[in-house]
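Contents: one structure, followed by commentary.
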Amino acid sequence: MNFRIATIKDYPGLHHVRTSVRENILSDPTRITEDDYREMIEERGRGWVCEIDGKIIGFSIIDLHAQNIWALFLLPEYESRGIGKKLHDLMMEWAATQNIASVWLSTSSGTRAVGFYRKIGWTEIGFLDNGEVKFEWFFDR
């Protein structure tokens, strides 16, 4: 397993993972473009990938401008192995050095992701208008 910072060359693997998930499925996969990924990892924040034998099997991206987690996804066959937690931790360790007080994320209600974020210490702060659960992470812990 290799964890590293994502680059735009990773776009095909990132998008493959994003469109292969079983929960938080995109209603229109064409809505997120290569340029969206590029903007997030080159201008607005940073991303990380986990790869096995050169194949991207998971990734995380933080958007510092919006101070939110833009993505944390794994191929379904690699869930429950600690990979998501490692991608999360790499992202949050870096974010903690970026002079921000907190970040937020949202995820669909009733998903395994809700339990994952609760378990690793995110604070549930309510719901978005679309019904997603909103969480916040405070760096002043």
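It should be emphasised that the depicted structure is a prediction, and the values quoted were computed from it without experimental measurement. Counting from 1, the numbers follow the sequence of the chain as shown.
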Check: E136/T123 side-chain N/O donor and acceptor closer than 3.5 Å:
no

Sub-6.0 Å ring centroid separation between H88 and W137:
yes

Aromatic centroids of W70 and Y37 separated by under 6.0 Å
yes

With a 3.5 Å cut-off and sequence neighbours excluded, list the donor-acceptor pairs that the side chains of residues 40-48 form with protein atoms.
unit_1 : atom_1 : unit_2 : atom_2 : d
E43    : OE2    : R38    : NH1    : 2.5
E43    : OE2    : R38    : NH2    : 3.3
R44    : NE     : D63    : OD1    : 3.1
R44    : NE     : D63    : OD2    : 3.1
R44    : NH2    : D63    : OD1    : 3.3
R44    : NH2    : D63    : OD2    : 3.0

Do you know the tightest heavy-atom contact between [X] and [Y]?
| X | Y | result |
| --- | --- | --- |
| V49 | A6 | CG1-CB, 3.8 Å |
| S60 | L72 | CB-CD1, 3.7 Å |
| W94 | L64 | CH2-CD1, 3.3 Å |
| F135 | T107 | CE1-CG2, 4.2 Å |
| M1 | C50 | CG-SG, 3.5 Å |

Which distance, rounded to the nearest 0.5 Å, do you find between the [atom1] of [X] and the [atom2] of [Y]?
| X | Y | atom1 | atom2 | value |
| --- | --- | --- | --- | --- |
| F59 | L87 | CZ | CG | 9.5 Å |
| M92 | I120 | CE | CD1 | 8.0 Å |
| I100 | H65 | CD1 | NE2 | 11.0 Å |
| I61 | L14 | CD1 | CG | 5.5 Å |

In N130, L128, V133, the residue satisfying side chain to side chain contact (heavy atoms under 4.5 Å, CB included) with S109 is V133

Could you check whether any side-chain heavy atom of F127 comes within less than 4.5 Å of a side-chain heavy atom of E132, counting everything from C-beta outward?
no

Report yes if some heavy atom in the side chain of K134 is under 4.5 Å from a heavy atom in the side chain of E124; otherwise report no.
no

Determine whether more than 12 heavy atoms belonging to other residues, nucleotides or ligands lie under 6.0 Å from atom CG of N99.
no

Can you establish whether the number of heavy atoms outside D28 located under 6.0 Å from its atom CG is more than 12?
yes

Can you give me every donor-acceptor pair (side chain of residues 74-84, partner residue at least two apart or in another chain, under 3.5 Å) with its distance?
unit_1 : atom_1 : unit_2 : atom_2 : d
E79    : OE1    : R112   : NH1    : 2.3
S80    : OG     : R112   : NH2    : 3.1
R81    : NH2    : E77    : O      : 3.1

Please confirm whether the backbone N or O of T111 pairs with a side-chain atom of S108, one donor and one acceptor, at under 3.5 Å?
no

Is R4 paired with D10 through a side-chain N to carboxylate O contact shorter than 4.0 Å?
yes

